[in-house]
There are 2 protein chains.
Amino acid sequence: MPKSKTHKELSERSVHLFKALVEHYINQGQPVGSRTLARETDLDLSPATIRNVMADLEDMGLITSPHTSSGRIPTAKGYRFFVDSLMRIDKLDSAEMKRIASELDPGADIKSLLERTSSMLSEITHLAGIVMLPRTEHKSLQHVEFVKLSDNRVLVILVMSDREVQNRIIQTAKPYSTAELQRASNYVNSHFIGKDLNNVREDILRELQKAKDDVNHVMQTAIEMAGSAIIKGDGHGDYLMAGQTNLMEVAELCDVDKLKRLFEIFSQKRDILHLLDQAIHARGLQIFIGEESGYEVLDACSVVTSPYEADGEILGVLGVIGPTRMPYERVIPIVDVTAKMLGTALNSDS
Amino acid sequence: MPKSKTHKELSERSVHLFKALVEHYINQGQPVGSRTLARETDLDLSPATIRNVMADLEDMGLITSPHTSSGRIPTAKGYRFFVDSLMRIDKLDSAEMKRIASELDPGADIKSLLERTSSMLSEITHLAGIVMLPRTEHKSLQHVEFVKLSDNRVLVILVMSDREVQNRIIQTAKPYSTAELQRASNYVNSHFIGKDLNNVREDILRELQKAKDDVNHVMQTAIEMAGSAIIKGDGHGDYLMAGQTNLMEVAELCDVDKLKRLFEIFSQKRDILHLLDQAIHARGLQIFIGEESGYEVLDACSVVTSPYEADGEILGVLGVIGPTRMPYERVIPIVDVTAKMLGTALNSDS
DNA sequence: TTTTGACACTCTCAACGGGAGAGTGCTAAA
DNA sequence: TTTAGCACTCTCCCGTTGAGAGTGTCAAAA
C-alpha cells in the first residue's frame, strides 16, 4: 500500500508552512509562491521542497491557485482550519480596549448606543460593522400611558423593561375623555406590569374581554399592539450597519457588479438577518467564512459575530463583514470585546 | 464687425437640434454625432450642416465632446437650459398616480411613512430616493410624562404637536417618588402646553428657576432636553435614503472609486443635508444639475427635490439623486406628485 | 449666404503579438 | 527525502495595427 498524505494528518512542517502562507496572504493580499515562502519562514527549505508540500496542501483542499503559475491562496476550508486550530488570537492592547469603552457611553439611549457601536466597529476594523437590534422576545411591560391627541386618536406609550420605549397612535371608534384614558392606564398598570408579554398576552386579552370596561377597546388594542410590536416592531428583525464603503476598497470585491449584489443583500436585510439569527443561536463568537454562509454573494466575504447580552439575557448579535482575507487575529478580539462592553453598557445597573 | 453667433440667442433650428441631442443622449447614453442627429430629426439637413450647428452649441458651452471624434453630450449648462426652457413635463399617468397614493398609507406612523416614500421613489424612478426627516423647528409641547424607571432614572416622554414623540432617559441627582414626578408632569402640562418651544424655552426655564419646586431639576432638564432635541434630535438633520444600489448600474459612475466617494458622502450625511437645506428654502421643486450642487463628487449627478408640507407648514424635503443623464420629464412629476401626496397623507385631519 | 459633399485627420476600442516575470510540475541527482 | 535544474504555463504590460466613428474644413453647389 503506497504511502499517501491525502486524508492523513498533516506533518508539523506542512502546518507551519500553511500557517505562514495564510498569514502572508492576509497581510499582502497577493497569491504567495514557493520562493516567497522559502524566504519568509525560518525553516531552511528550498522552494522545490515547499512546492511539494504545497501540492499536498492543495490536494487536501486547503489552498488553491487562482491560475496555473501564480502562487496559492487559502480556500474557505483553509481559512477554517487556520481560524480553528492555528491562529493565536491577539490580546487586545489596553489602549484599544479603552477606546472601545470610552465610545460606549452607558448614559446614551439604546438606539444611539447601538449606532455608535456599529460605526465604531467599522472604524477600528476598517470593515463593515453590523449590530442587530435587540430582540424584544421576553420583554415585559413596565409602564403604560394613554395620551389623548384628538377626539379619535390616542397615543399609546409602552415602556418595556429595559430602556426601550414604544410609541403608537391608534384610531378609536369613539372619543374617550382624558379621565377615561387615565382610568384605563391605571388599570393596565396595576394589573399587567412586569408580566412577560409573550407568555401572557392571550391571558391578558381574555381578561380584558371579560372586564367589559368601556375603554376596553383601547386597552385591548394597546396589548395587541404591544404584541405586534414584539413580533414585527423596531425591536425585531432589523440591524444597523456602518462603514459599508470600507468594502469598496477591498481588492477582491472591486468589481461593480459584485458590489452591487452585495449592497443589495445589505439593504434587502432578509438574508443578513437570517445569518445573524443563526449566529445568535450559536451563543458565542461565530465565524462564517466565504461559502459557509450559504449565500453566493458572500462567497468572498467572512462574517465575524458575537452575541451581546445584558442582565444575563442575550439581546442580539453584533459583528463585522469583510473579505475572507481579513486579519482574524485582530478582528476576533475586537468583536468579542465590543460585544462584552456593549453588554455592560446596557446593563440596567449602570 | 464679423457676425458671430456666440453669446447671441440661438436660432430656432439650433434649439431644435440641441433638444433632439439631449433627448437622444438621455435615452441612449451614448455621445451623439452629427450623422445620428441628421437621421433622427425631421429637419432635412446634412451631417455637415449639423456639425456647424454643433460647433456653435459647443462654443456656447451647451454641449461638449468627451474626446475629439466622438459625438457630443450635454454639459451641466446644457441640461440646465434643457430643463428650464425646452423640456415638456409629462403629466403623470393616472395609474402611476394611484400607485403612489396607495403606497402612502395615512394611517401609518410618520417614520414608516417616510421610509415607504423613499423606497417608493427609488423604485419607480430607478434612482436613489431621499427623504429628509421633518424639521422640528416650530414644535410645541402637547404632553409631558415623567416615568420613574429606577431610583435615579427618569424617563421623560415629550409629545410634540404632530405625531412626533420623543423619549429620553435622564439621571437624577436624588431619587424622586412616583408621586413627585406625577406632580411635576401635571405642573408642566398645565403651564407649558401648546407653547412654541423655540420661542419660550428661555421663559420657561426662568420660570422654573423661580418656582424652586423640589422636582424643579427634573422639569428643568426636561425642558432643556426638549430644546436640545429640537436642535440636534432625530427630528432635525437627518434623512432616509433608499435604492442607492440603483446608482451602481449607471454607466457614468461605474468606477469603484467614484462610487466609493459618492457613498461616503451619503453616509457622512453632512453635505447632502446641506444641499437639502438649500432645497427646502427654495420652496418649490428644485433641480441641482451636476456641478451646480457645489460638491465635486456630485459632478456626474443631478438632484431633484421638492419640499413637502402638511397643515400648511413645510416639514421637509424629498427627492431623488441620479446621474445628470436622467429622464427629467419623468422624474420631475414623480417627485412633485410624491411630495404633494406625502403632504396630504401627513395632514392631521386624515 | 447657406448648405453640402468630400476628404484628411483624430481618437477610441478591440484584437493581436511578443517579452518579461513569476511560479509551477517533473525529473534526475545529491 | 531534499534539491537543483529545466521546460512549461499563465498573467500582465506594452506597442502595433486596423476598423469605426466622428470631426473640422474647404471648395463647390444651391
Side-chain angles (χ1 to χ4, degrees), chain A residues 2-6 8 10-14 16-18 20-21 24-25 28-60 62-75 251-252 254-255, chain B residues 1-6 8 10-18 20-21 24-25 28-60 62-75 251-252 254-255:
Chain A
K3 188 166 171 186
S4 150
K5 275 206 173 154
T6 319
K8 278 237 176 182
L10 292 151
S11 75
E12 198 176 326
R13 194 181 64 180
S14 309
H16 188 130
L17 282 170
F18 173 70
L21 185 149
H24 188 94
Y25 179 65
Q28 308 296 328
Q30 295 296 326
V32 18
S34 54
R35 176 182 231 81
T36 331
L37 218 46
R39 236 185 295 111
E40 304 255 323
T41 51
D42 39 5
L43 276 55
D44 223 11
L45 294 173
S46 76
T49 314
I50 292 183
R51 280 203 286 280
N52 287 327
V53 176
M54 283 168 108
D56 292 347
L57 293 170
E58 182 153 19
D59 283 344
M60 306 179 69
L62 294 177
I63 57 178
T64 185
S65 44
H67 55 264
T68 345
S69 234
S70 75
R72 308 301 217 292
I73 62 176
T75 61
E252 292 91 318
C254 253
D255 111 76
Chain B
M1 187 172 134
K3 188 166 174 186
S4 150
K5 274 205 174 154
T6 320
K8 277 237 175 181
L10 291 150
S11 74
E12 197 176 327
R13 195 181 64 180
S14 308
V15 170
H16 188 131
L17 282 171
F18 173 69
L21 185 148
H24 187 94
Y25 179 66
Q28 307 296 327
Q30 295 296 326
V32 17
S34 54
R35 174 182 232 83
T36 331
L37 217 48
R39 236 185 296 109
E40 304 255 324
T41 50
D42 38 5
L43 275 57
D44 224 14
L45 294 172
S46 76
T49 315
I50 292 183
R51 279 203 287 282
N52 287 327
V53 176
M54 284 168 107
D56 291 347
L57 292 170
E58 183 154 17
D59 282 346
M60 306 179 69
L62 294 177
I63 59 179
T64 186
S65 44
H67 54 265
T68 346
S69 238
S70 74
R72 308 299 217 295
I73 62 176
T75 61
E252 291 91 318
C254 253
D255 113 76

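Values reported hereafter were calculated over all heavy atoms of this structure, with side chains retained and with hydrogens, waters and symmetry mates removed. By convention in this document, chain letters (A, B, ...) are assigned in the order of the sequence lines, proteins followed by strands, and residues within each chain are numbered from 1.
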Among [options], the one nearest [X] by side-chain distance:
| X | options | value |
| --- | --- | --- |
| Arg51(A) | dC26(C), dG23(C), dG24(D) | dC26(C) |
| Arg35(A) | dG22(D), dT10(C), dG23(C) | dG23(C) |
| Leu45(A) | dT3(D), dT4(C), dT24(C) | dT3(D) |
| His67(B) | dC6(D), dT12(C), dT25(D) | dT12(C) |
| Ser69(B) | dC11(C), dG23(C), dG22(D) | dG22(D) |
| Ala48(A) | dT9(D), dA6(C), dA4(D) | dA4(D) |

Using whole Å, what does the distance between atom [atom2] of nucleotide [N] and atom [atom1] of [X] come to?
| X | N | atom1 | atom2 | value |
| --- | --- | --- | --- | --- |
| Ile73(A) | dT11(D) | CD1 | C1' | 15 Å |
| Glu58(A) | dT24(C) | CD | P | 9 Å |
| Ile50(B) | dG24(D) | CD1 | P | 13 Å |
| Leu57(A) | dT24(C) | CG | P | 12 Å |
| His24(B) | dG22(D) | NE2 | C1' | 14 Å |
| Glu40(B) | dG22(D) | CD | P | 12 Å |
| Met54(A) | dT3(D) | CE | C1' | 17 Å |
| Asn52(A) | dA4(D) | CG | C1' | 13 Å |

Quick check: do [X] and [Y] have side-chain heavy atoms less than 4.5 Å from each other?
| X | Y | answer |
| --- | --- | --- |
| Thr36(A) | Arg39(A) | yes |
| Ser65(A) | Glu58(A) | yes |
| Leu62(A) | Arg72(A) | no |
| Leu45(B) | Arg13(B) | yes |

**Request:** Give a yes or no on whether Asp255(A) atom CG has more than 12 heavy-atom contacts from other residues, nucleotides or ligands under 6.0 Å away.
**Result:** yes
So does [X] get a side-chain nitrogen or oxygen closer than 4.0 Å to the phosphate oxygens (OP1/OP2) of [N]?
| X | N | result |
| --- | --- | --- |
| Ser70(A) | dT24(C) | no |
| Ser65(B) | dT23(D) | no |
| Arg72(B) | dG22(D) | no |

**Request:** Using a 4.0 Å heavy-atom cut-off across all strands, classify Thr49(A) as base, sugar-phosphate, or nothing.
**Result:** base
